[in-house]
Amino acid sequence: KIVDNQFVISMFHKEGSYRGGSGSKRAKDTPIKKSERRKLRSTCISLLSKVDDSNNESQLSTALSTILDSIFLDSKADISLRKIKQPNAKSNAGATTIYIRSPSPLSSLDSEELNYITKWPYTKKDQPILIQMSTTTTNSNGVGMKNVMVTIPTVSLLSVLPSDTILQLPTVVIPPQVSKYICRGANVMRSGMLSIQNVNLDKTAGGRIWVCVRVQNNAQPFAVGLLTQNTTNSNILGSEDNKGVGVEIVTCYGDDIYWAQLDDSSHHNRGNTKNNNAGIVSFLGGGLYDDGHYGNVGFDSGKFVHGLVRLDLDGNDDGNNSNSNDNSKEGEKNKQDHDCIQEAGDEQKGDEDQVNTTSEVATNDMIGKLKIDPDIDDETNKKDAATSEETSDRHDQEESLLYAFHTALLVVSKKDLPMAVSTFYTQYLLPSRKEGTFLDIKQTRYKKISSFLLEQSQNTVRTECGKSIITIGPSKDEQDPVAFLTGIDRTHIDLRDAKRRRKEEVGGDNAMKEKNKMAIVNLYAIPHNVASILRLDEDTVKAVNAKSEERRGSGFLTLPECRDILNQYVHENNLIDEYDPESVILDGNLCDVLFRKSKKQTSASVQQNEYPESITRKEMNVKWIEKMDCAHAVVSMPGSVILSLKRGKPPMVTIEVECRQNRKKFITRVRGLEEYTINPNDFANDVSKRYACSATVEDEHSLTAGRAALKKGRCELVLQGHLVEELQALLTGNRKLSSHGGSKASPYSLPKGVFEIILKK
């Protein structure tokens, strides 16, 4: 049995793909030795030859042997390898390896090579030729085995193969309308497959079978993937049992490999024979290899693959393909594709006798021999388009259903089981779907949630111990076999993957949706008498050059700014002791500022003022800060956005608990919420819902007798119960301060040090 490959390359503009994500280091390509190149050539022969497990070159065609020699043994070109690590991997164990072939010099291509492909035809960009990737297999009992490495060819390598070799490769044929979904990154669904050719299904039990994918009436493959388990000609398009993925795509036309090798100038000049008459023309595709589309005129902008029709020398449709629009029978479709390939091979043989023709004539003649077929039976075209659209929509809905199912299982706790299926579907599965998506079970192949859960309970493929991800139970009357969800296998590989994915998503959402937190920053203001005694610069005292615009000109200084002003005064007046740099000699002005007492202090003190001659820097800084006026700023974090600037200490939120009825009941009073832009009425409603307590708001007119007067426009909250810890947890947004569940998901974020707790008897 085949386990779904977890390490298929993400070739569609994702981090870790062939091109690499934005901001990441460019992947390093390592050239390989000649001996490794010979081994790689032997591996490629094993992949492409008809005889399995053999490197007998006598059984190879001359054309295949020649082009493989040019690819792997040409001393003027390099073959490099690139390692792509698995997600979150620290080493290269199990990494995907891509082998890359350098371009051929254009000067090395003569007229003979332009008529018959004997050398690597790409002359502008490096082209990946082989991919080695890790895949997991299981034996017939479903028990997991170790990962094995699978080697598959790329689209660029397949584009240069002779027609007889293409005819022998394991191939999946699809309608042209399905190709647009493959080019976007989708897998090939069984319902979108027309036929499977040259696949030995007896080997699927021991490992993955790679297949190339092409569209009807276009012989050149545009994608390569791995055939899934039990996918045969009996369960594809036209059969009743055609559900599920047929081919897991690894690389295809339109992925990162395509965009990396695409040359902009060639792409814009495509179809302009005046600018594109230099290079080798593909006999299967009818286009230049260096046009960025692998030499096939049916490959359209990395988004679609068209069928082709071959023309005669007069530019008319060839009679051999006059019945190409008759797609009523699958055998006729395959016969037309076979004739198209065979005809290309015949043209190759015929062109060998025309060595003396010039490159320009040969190129222009070949470009005109193939064109996009616009009339592949309009009725079949519409039917295939509708089928492919339906298949894609159903595939998307099934992916959304599976995503929501795995996410919902993570939320269900053990004590909630057994659970009614209807409850699981409405309260867990539907809320677990991706944000912004719509899930309709009727648009899937299951039609009912019971059918989906039944299949999941019977699926034991992706498990190490033969257990299904869930177990289900019948109703009491046993008429409904899928009435209850009775068990969940928490060790299932799908649940482990879902847990890892959810952790990454939640981490990203928290980073994006992190709520702002408030913080108190202590500021200082230099008194007017100090500034006048020391003759300090007025702009410096007013913080004209402060970093934040809110503080500029306000006179509010941070602690480092305040110390810098003192240090500047010391340096300008040469007050540093030359024998002890850590000491400062006090002059008269600085001594008065630091040590002179006020009249009140002098009258209250019996001792006479003492004025030292020197002081250490540390003591000087402490004395200096003591002489400053206090101020504060309320700052929103992150971003350090200043919400308010005021003199004095920060306003306090007073939480007072009063005991009533012989210490059996308590009431909690709260003041000062308005200083932090919290509406008392809204906060009272929120607290009463969270903690199930009564809450009233008293203003200056309805204040309880005996209470301290309120400022104008201020209110006092009266709450039922002892709620000191709960209110602190709620107001700071830190639910760890209280075990009460009502403190969760707090919208408030007051600083920690602004609470004044008063406990009355």
Side-chain angles (χ1 to χ4, degrees), residues 517-638 640 642-652 751-756:
K517 296 182 179 180
M518 291 185 184
I520 297 294
V521 178
N522 292 324
L523 300 176
Y524 304 91
I526 299 179
H528 178 70
N529 63 323
V530 174
S532 61
I533 292 174
L534 299 181
R535 299 179 181 177
L536 300 178
D537 182 62
E538 185 178 357
D539 291 341
T540 305
V541 173
K542 291 185 177 181
V544 174
N545 298 322
K547 293 182 179 180
S548 60
E549 295 183 0
E550 293 83 357
R551 288 197 300 112
R552 292 173 186 170
S554 63
F556 296 132
L557 303 169
T558 61
L559 183 60
E561 291 173 347
C562 199
R563 288 176 177 174
D564 288 342
I565 294 175
L566 177 60
N567 292 331
Q568 183 179 0
Y569 175 82
V570 171
H571 283 284
E572 289 178 353
N573 292 274
N574 298 323
L575 299 180
I576 299 177
D577 191 346
E578 58 181 349
Y579 300 105
D580 185 6
E582 293 299 323
S583 298
V584 176
I585 300 174
L586 297 177
D587 61 1
N589 294 334
L590 185 57
C591 186
D592 286 343
V593 169
L594 298 180
F595 294 97
R596 188 173 182 178
K597 297 181 180 180
S598 63
K599 293 182 179 180
K600 291 183 179 180
Q601 292 175 342
T602 303
S603 60
S605 176
V606 179
Q607 298 180 357
Q608 192 176 0
N609 288 347
E610 296 181 0
Y611 299 99
E613 296 182 356
S614 63
I615 189 174
T616 62
R617 285 178 174 269
K618 184 176 181 180
E619 292 177 352
M620 179 185 66
N621 289 328
V622 173
K623 289 286 186 180
W624 174 257
I625 296 302
E626 290 177 355
K627 297 296 181 179
M628 299 297 104
D629 292 339
C630 295
H632 71 277
V634 180
V635 181
S636 175
M637 304 292 290
S640 299
I642 297 178
L643 302 179
S644 66
L645 285 170
K646 293 182 179 179
R647 284 183 176 269
K649 295 181 179 181
M652 305 298 289
K752 296 181 180 179
V754 299
F755 296 100
E756 181 182 0

Peer 1: Could you tell me if the side chain of Leu590 sits less than 4.5 Å from the side chain of Leu566, heavy atoms only?
Peer 2: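 Result yes, sub-4.5 Å side-chain heavy-atom pair found.
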
Peer 1: Under 3.5 Å, which donor-acceptor pairs do the side chains of residues 612-623 form with other protein atoms, sequence neighbours left out?
Peer 2:
from	atom 1	to	atom 2	distance (Å)
Thr616	OG1	Glu619	N	3.3
Arg617	NE	Pro581	O	3.2
Asn621	ND2	Arg617	O	3.2

Peer 1: Go through the structure and list residues passing salt bridge (charged side-chain N to carboxylate O under 4.0 Å, His left out) with Lys547, not counting sequence neighbours.
Peer 2: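 Result, salt bridge (charged side-chain N to carboxylate O under 4.0 Å, His left out) vs Lys547: none returned.
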
Peer 1: Listed by chain and number, what are the salt bridge (charged side-chain N to carboxylate O under 4.0 Å, His left out) partners of Arg552, not counting sequence neighbours?
Peer 2: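 In terms of salt bridge (charged side-chain N to carboxylate O under 4.0 Å, His left out), with neighbours along the sequence ignored, Arg552 is linked to no residue.
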
Peer 1: Indicate yes or no: at least one non-hydrogen side-chain atom of Leu645 is less than 4.5 angstrom from one of Leu523.
Peer 2: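 Side chain of Leu645 against side chain of Leu523, heavy atoms only: contact under 4.5 Å found.
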
Peer 1: Taking C-beta and beyond as the side chain, do Thr558 and Tyr524 meet within less than 4.5 Å on heavy atoms?
Peer 2: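 SC-SC contact between Thr558 and Tyr524 ruled out.
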
Peer 1: For Ile625 and Cys562, run side-chain contact (heavy atoms from CB on, under 4.5 Å): C-alpha distance rounded to whole Å, both residues' side-chain angles, the deciding distance at 0.1 Å, then the answer.
Peer 2: CA-CA 8 Å; Ile625 296 302; Cys562 199; 4.2 Å; yes

Peer 1: My understanding is that only residues two or more places apart in sequence, or in another chain, count here; which of them pass side chain to side chain contact (heavy atoms under 4.5 Å, CB included) with Cys591?
Peer 2: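 Partners of Cys591 by the side chain to side chain contact (heavy atoms under 4.5 Å, CB included) criterion, ordered by chain and then number, come out as Leu586, Phe595, Tyr611.
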
Peer 1: List the residues meeting side chain to side chain contact (heavy atoms under 4.5 Å, CB included) with Pro651, not counting sequence neighbours, and say none if there are none.
Peer 2: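 Residues passing side chain to side chain contact (heavy atoms under 4.5 Å, CB included) with Pro651: His632, Glu675, Tyr676.
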
Peer 1: With sequence neighbours excluded, what pairs up with Arg551 under the salt bridge (charged side-chain N to carboxylate O under 4.0 Å, His left out) test?
Peer 2: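 Only Glu561 meet the salt bridge (charged side-chain N to carboxylate O under 4.0 Å, His left out) criterion with Arg551.
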
Peer 1: Using side chain to side chain contact (heavy atoms under 4.5 Å, CB included) as the criterion, list what pairs up with Val541, not counting sequence neighbours.
Peer 2: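 Val541 satisfies side chain to side chain contact (heavy atoms under 4.5 Å, CB included) with Ile526, Ala531, Leu536 only.
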
Peer 1: Check whether any side-chain heavy atom of Met628 sits under 4.5 Å from a side-chain heavy atom of Pro527, and report yes or no.
Peer 2: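 The answer is yes; the side chains approach within 4.5 Å.
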
Peer 1: Can you tell me which residue among Asp592, Ile565, Val593 is in a side chain to side chain contact (heavy atoms under 4.5 Å, CB included) with Val530?
Peer 2: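 Result for side chain to side chain contact (heavy atoms under 4.5 Å, CB included) with Val530: Val593.
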
Peer 1: With sequence neighbours left out, what residues match Asp537 under side-chain hydrogen bond (donor to acceptor under 3.5 Å, both in side chains)?
Peer 2: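 For Asp537 the side-chain hydrogen bond (donor to acceptor under 3.5 Å, both in side chains) partners, ignoring immediate neighbours, are Thr540.
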
Peer 1: Measuring only between side-chain heavy atoms, which start at C-beta, is Ser636 closer than 4.5 Å to Met518?
Peer 2: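 Answer no - side chains too far apart.
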
Peer 1: From Ser554 OG over to Glu549 CD, what is the distance, rounded to the nearest 0.5 angstrom?
Peer 2: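 Ser554 atom OG to Glu549 atom CD measures 12.5 Å (nearest 0.5 Å).
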
Peer 1: Sequence neighbours excluded, which residues qualify as salt bridge (charged side-chain N to carboxylate O under 4.0 Å, His left out) partners of Asp629?
Peer 2: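 Scan of Asp629 (salt bridge (charged side-chain N to carboxylate O under 4.0 Å, His left out), adjacent residues dropped) gives Arg647.
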
Peer 1: What distance separates Met652 CE from Phe755 CZ, expressed to the nearest 0.5 Å?
Peer 2: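 Rounded to the nearest 0.5 Å, the CE-CZ separation comes to 9.0 Å.
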
Peer 1: Is there any salt bridge (charged side-chain N to carboxylate O under 4.0 Å, His left out) pair reaching into residues 569-590, and which pairs are they, with sequence neighbours excluded?
Peer 2: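 Qualifying pairs: none.
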
Peer 1: Could you tell me which residues satisfy side chain to side chain contact (heavy atoms under 4.5 Å, CB included) with Ser640, sequence neighbours excluded, listed by chain and number?
Peer 2: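 So Ser640 forms a side chain to side chain contact (heavy atoms under 4.5 Å, CB included) with Val635, Met637.
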
Peer 1: Shortest non-hydrogen contact from Val754 to Pro751?
Peer 2: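 Here Val754 and Pro751 meet closest at CG2-O, 3.2 Å.
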
